[in-house]
Trainee: 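What follows is a single structure, and I will ask about it in a moment.
Order of the sequence lines fixes the chain letters, A, B, ..., with proteins taken first and strands second; residue numbering starts at 1 for each chain. Computed over heavy atoms, backbone and side chain alike; hydrogens, waters and symmetry mates excluded. This one's a predicted model, so the numbers in the text were calculated from it and none came from an experiment.
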2 protein chains.
Amino acid sequence: MLSTPMTENRTESPIPALHSSSVEAGWQRQGKLWSNLKELCDVLRIPSAAVHTDEELLFQHVQFKTGQRIHTIGQPFDTLYIVHSGFLKTVLIDEFGNEQVLSFPMKGDLFGVDGIHTKRYASEAVALSNCDLILLPFKKLTALGRAHPEFEHAMYSVMSRELVREQAMVSMLGALSAEARVARFLVNLSERYADMGYSSKLFNLRMTRHEIGSYLGLTLETVSRTLSAFNEIGLITVDQRSIGIKDLDALKTLRRLPPSSTRAKQSGAKKAKAAASKEPDQPDGEWDSLATA
Amino acid sequence: MLSTPMTENRTESPIPALHSSSVEAGWQRQGKLWSNLKELCDVLRIPSAAVHTDEELLFQHVQFKTGQRIHTIGQPFDTLYIVHSGFLKTVLIDEFGNEQVLSFPMKGDLFGVDGIHTKRYASEAVALSNCDLILLPFKKLTALGRAHPEFEHAMYSVMSRELVREQAMVSMLGALSAEARVARFLVNLSERYADMGYSSKLFNLRMTRHEIGSYLGLTLETVSRTLSAFNEIGLITVDQRSIGIKDLDALKTLRRLPPSSTRAKQSGAKKAKAAASKEPDQPDGEWDSLATA
DNA sequence: CGGGTCTTTGATTAGGTTCAATAAGAGTGG
DNA sequence: CCACTCTTATTGAACCTAATCAAAGACCCG
C-alpha cells in the first residue's frame, strides 16, 4: 500500500512461460512460433549478410499477455529475450518494495542480459501489452557465436548498445531538468515509433505516469504537470495516454535549464495552442498485440 | 570557462599511448609489460581454471600518467582496457562542454566497451593517477573467445557486470537522496578498496568533489556539505581527500529519506566526533602508480 | 611566495516533491 | 446497462531538498 500499486500486476501471473505447455497452447494466430537466424538478425537490426540462410537453427517464440511477468529478480538465468512485438518494462525492486523502471523494451530490443553475470536475473520484466518474444537461450547464443563470427560480433555489439543506452540514462538523470527529461523521453519514443514503422507524430503511451516518472527519476505529478505544460505551449497535445508531437525540434532543443545562462529557453516559440484532437494517422492502440513484422 | 575546470587536464595530453614508442620508452620499473591469459583472468576476477597455462598469448600493458587521456569520444575503437593498477574516470561530454562522470574504473575493471557498437568510443577515459593498463584488442578478444569457450563466457559475464552496475547507478540517481547517494558512494569505495587489499577504513579519494558530484548527480557543494555532515555525526572523518570510515553500518543503512516515514534516520547514532586524524594504516597515496599485483 | 585549483561554509532561491482533492477511465458484477 | 470500485490522471498549495551565488580558507606547483 506504499507507493507501489503495481503489486496487483505482479501477483496476477505466477510465472507462466518457459513451460512449453503455455507456449504450444493456443496462440496459433499468426502462426509465427519460430524464427530462423536471419529473421533474428533482422529484428535486432544487425547485418545478417554473412549468415547462411540455409541455417537449420530455429528460435522459439513465446507470447505474453498484458501484465504477465517474463522473469523475476533472482530467478535462474538461462535465456535472453528479443522483442518481436509488443511493449514491456524492466524494473528493479528495492528493499522497500518500490520499483524502479529501468527500460521500456520494444521491438528489436534485447533484455535479460543482466542475468549473465550472476546466473540470475537482476531485474524483472513485465509485459505492458500483449507481446511476442523470441527466446534466445544463452547456451545457444555462445555456440552460435563460435560458429558464426559475425553473429558473435553482433551480440557484443548489441550488448554494447545497451550499455551506451544506460550511460545516456545516467547522464540524463544526473544533469537534466525535469522538463528536459520528459522532452527527451518523448523524442526518443517518437524516434522508436518511427523506426518501427509507426507514426512518430501521434502515438499512445503504453506506460503510466508513475512508470514514466520512475524511469525518469521524477514523480508522477511532475510528469503529468510537465506534459500539461508542453501542451499549453503547443509543443504537444495530450489526452491521457495519447500523445501528439507538434514541435519536435523544440522538444529536441529543450535541453537543460541549469547552466544559468541560456535561460532564454525557446519561450516565444509556438503559441499555436493546438486545438487539434484527432488526426488522420493513428499508429497503434491496444491492437499491436501480435500484429507486426 | 564554464563550469568545467577540467579543460586543463584535457589539453595537456594530446593522446599519448597506442604508439608503442611511448610504451617501450622508460617505464621499465616493475618490468611488467606483458601479461598472459591467466593473469588477465585473475585481474578480471573470473575463473581461469580451464585456461591452458601454456597459452602463448600475451597481452601488452601501457602506462599512463595522471591527467593523461586514454581515449577520446569519437576516436576509432579497436581495443578494450583492463585496469591493472591506478585510478581513472570515464566521462561523457555534452553539447555545452560539461562533463558527466560515468565511472571511476580501478583495478579489475574493464572499460572501452561502449566503443564496440558504433566502432568509436562513446566516452572519454582519463587517468586520475598513474595507471598500468592491460590492452585487450577487440579482435584478439573475439578470436580468443572462439578458442576458449570459458573465456568467451567470462567476457560476456564481465560485460553483464558492467550493465548491472549501470543499472544500479540509474536506480540510485532516480530514487535516492543526496545523503544516501554519498553514503553509498563511500560504501562502494570502501568495498572496492577492501577487494584490492587496501584498508577499507581509511583511504584517499582520487577524484575531486566536482567529479564525485557529477558522478552522483549532485553539485560539488552538496557533496562537500554532505561529507561534512557525516563527519559531524561521526559516521566518517574527512580531511580533504582523506576519508576515514567510522560507522560502515550506518552508512550502509542510510537509505532514502523520501518515503516520508522512516524519517527517524540513525540520528542518535555516534557522536564520537572523531578527533582522530592519523591512523596506523595508510593504504594508498599518490604512490600507487605502478605498484600492485 | 604567488597564482591556480580545490574545498568549505553561508545565504538565498527555485525546482520538484509531498500532501490532498477531484476527475476521468476501465473493469466487475448484479 | 448501470452502479460501484479501483486505477490512473490532473491540478493546487505548502514544504523542502538541493542548486545557485558568493566568499574565504587550504593546498599544490612552479
Side-chain angles (χ1 to χ4, degrees), chain A residues 1-10 12 66-67 98 128 173-182 204-214 216-232 238-243 256-263 265 285-286, chain B residues 1-10 12 66-67 98 128 173-182 204-214 216-232 238-243 256-263 265 285-286:
Chain A
M1 214 29 120
L2 293 171
S3 57
T4 309
M6 295 310 301
T7 318
E8 270 57 53
N9 260 346
R10 307 182 53 223
E12 89 179 31
T66 305
N98 296 325
L128 294 181
L173 293 175
L176 299 189
S177 67
E179 296 165 30
R181 293 183 206 182
V182 175
N204 284 336
L205 299 175
R206 296 315 194 321
M207 60 296 281
T208 68
R209 301 287 191 266
H210 181 83
E211 289 162 341
I212 296 173
S214 173
L216 298 176
L218 303 170
T219 60
L220 72 170
E221 292 97 327
T222 299
V223 173
S224 179
R225 264 186 262 270
T226 306
L227 289 176
S228 297
F230 286 171
N231 181 36
E232 296 264 332
V238 189
D239 178 42
Q240 299 290 130
R241 298 287 182 91
S242 170
I243 299 286
R256 72 188 58 181
L257 294 268
S260 70
S261 58
T262 318
R263 193 58 189 293
K265 215 185 284 190
E286 207 54 69
Chain B
M1 205 41 109
L2 292 171
S3 57
T4 310
M6 296 309 302
T7 317
E8 272 57 52
N9 261 347
R10 307 182 53 222
E12 89 179 32
T66 305
N98 296 325
L128 294 181
L173 293 175
L176 298 190
S177 67
E179 296 164 30
R181 294 184 206 182
V182 176
N204 284 335
L205 298 175
R206 297 314 195 319
M207 60 297 279
T208 68
R209 301 285 190 267
H210 180 83
E211 289 163 341
I212 296 173
S214 173
L216 299 177
L218 303 170
T219 60
L220 71 170
E221 293 97 326
T222 299
V223 173
S224 179
R225 264 186 263 270
T226 305
L227 289 176
S228 296
F230 286 171
N231 181 36
E232 296 264 331
V238 189
D239 178 43
Q240 298 290 132
R241 299 288 181 92
S242 171
I243 299 286
R256 71 189 60 183
L257 294 270
S260 69
S261 57
T262 318
R263 192 58 189 293
K265 214 185 287 190
E286 209 53 68

Trainee: Nearest-Å distance, NE2 (A/His210) to P (C/dT17)?
Mentor: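 A/His210 atom NE2 is separated from C/dT17 atom P by 13 Å.
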
Trainee: Would you find a donor on one side and an acceptor on the other, under 3.5 Å apart, between the side chain of A/Ser224 and the backbone of A/Leu220?
Mentor: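 Checking the backbone N and O of A/Leu220 against the side chain of A/Ser224, no donor-acceptor pair under 3.5 Å is found.
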
Trainee: Do the non-hydrogen side-chain atoms of B/Thr66 and B/Leu128 ever get within less than 4.5 Å of each other?
Mentor: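 No, too far: nothing below the 4.5 Å cut-off.
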
Trainee: To the nearest Å, how far apart are A/Arg206 CZ and D/dT7 P?
Mentor: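 Interatomic distance, CZ of A/Arg206 to P of D/dT7: 22 Å.
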
Trainee: Does any donor-acceptor pair link the side chain of B/Glu211 with the base of C/dC6 at a separation under 3.5 Å?
Mentor: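 It does not, because no donor-acceptor pair links the side chain of B/Glu211 to the base of C/dC6 below 3.5 Å.
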
Trainee: Just checking B/Gly213: base, sugar-phosphate only, or nothing, at a heavy-atom cut-off of under 4.0 Å?
Mentor: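 Contact class for B/Gly213: none.
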
Trainee: Within the structure shown, what part of the strands sits under 4.0 Å from B/Leu218 by heavy-atom distance: base, sugar-phosphate, or nothing?
Mentor: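 The answer is sugar-phosphate, as B/Leu218 gets under 4.0 Å only of primed atoms, P, OP1 or OP2.
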
Trainee: When the nearest nucleotide of DNA chain C is assigned to A/Ala178 and to A/Asp239 on a heavy-atom basis, which residue is associated with the more 5' position?
Mentor: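 Residue closer to the 5' terminus by nearest nucleotide: A/Ala178.
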
Trainee: Identify, between A/Gln240 and A/Thr219, the residue whose nearest nucleotide on DNA chain C lies closer to the 5' end.
Mentor: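 Whichever sits nearer the 5' end wins; that is A/Thr219.
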
Trainee: Scan B/Val238 against the nucleic acid and name what it touches under 4.0 Å (heavy atoms): base, sugar-phosphate only, or nothing.
Mentor: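 Sugar-phosphate, no base atom in range.
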
Trainee: Using whole Å, what does the distance between atom C1' of nucleotide D/dC27 and atom CG of B/Leu205 come to?
Mentor: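 Atom CG in B/Leu205 sits about 15 Å away from atom C1' in D/dC27.
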
Trainee: Taking OP1 and OP2 of D/dA9, is either one under 4.0 Å from a side-chain nitrogen or oxygen of A/Arg241?
Mentor: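 Answer is yes, contact under 4.0 Å.
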
Trainee: Between B/Arg181 and B/Leu216 (side chain of the first, backbone of the second, donor and acceptor by atom type, cut-off under 3.5 Å), is there such a pair?
Mentor: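 A pair under 3.5 Å: yes.
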
Trainee: Considering every strand and a 4.0 Å limit on heavy-atom distances, what is the contact class for B/Leu227: base, sugar-phosphate, or nothing?
Mentor: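 Result for B/Leu227 = nothing.
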
Trainee: Could you tell me how far apart B/Ile212 (CD1) and C/dT7 (P) are, to the nearest whole angstrom?
Mentor: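 Rounded to the whole Å, the gap is 7 Å.
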
Trainee: In whole angstroms, how far is the C1' atom of C/dT9 from the CG atom of B/Asn231?
Mentor: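 The distance from CG of B/Asn231 to C1' of C/dT9 comes to 14 Å, rounded to the nearest Å.
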
Trainee: When you measure from the side chain of B/Thr226 to the backbone of B/Thr222, do you find a donor-acceptor pair of N or O atoms at a distance under 3.5 Å?
Mentor: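 Such a contact is found between B/Thr226 side chain and B/Thr222 backbone.
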
Trainee: Take the protein atom CG of B/Leu220 and the nucleotide atom P of C/dT8, then report the distance between them rounded to whole Å.
Mentor: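 Those two atoms, CG and P, are 9 Å apart.
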
Trainee: For D/dT11, does either OP1 or OP2 sit under 4.0 Å from a side-chain N or O belonging to A/Ser228?
Mentor: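 For A/Ser228, the contact criterion (side-chain N or O under 4.0 Å from OP1 or OP2 of D/dT11) is met.
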
Trainee: For B/Arg225, report the nucleic acid contact type (base, sugar-phosphate, nothing); a contact means any heavy atom under 4.0 Å.
Mentor: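 Base, at least one base atom sits under 4.0 Å.
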
Trainee: Would you say a side-chain N or O of A/Ser224 is under 4.0 Å from OP1 or OP2 of D/dA9?
Mentor: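 Answer no for this pair, as no side-chain N or O of A/Ser224 is under 4.0 Å from OP1 or OP2.
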
Trainee: Taking atom C1' of D/dA19 as reference, at what distance in whole Å does atom CD of A/Glu179 sit?
Mentor: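 That distance rounds to 15 Å.
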
Trainee: Check A/Arg209 against A/Gln240 and note the closest heavy-atom contact, atom names and distance.
Mentor: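 Looks like NH2-O, 2.7 Å.
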
Trainee: From CG of A/Asn98 over to P of C/dT18, roughly how many Å is that when rounded to an integer?
Mentor: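 Rounding to the nearest Å, CG of A/Asn98 and P of C/dT18 are 10 Å apart.
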
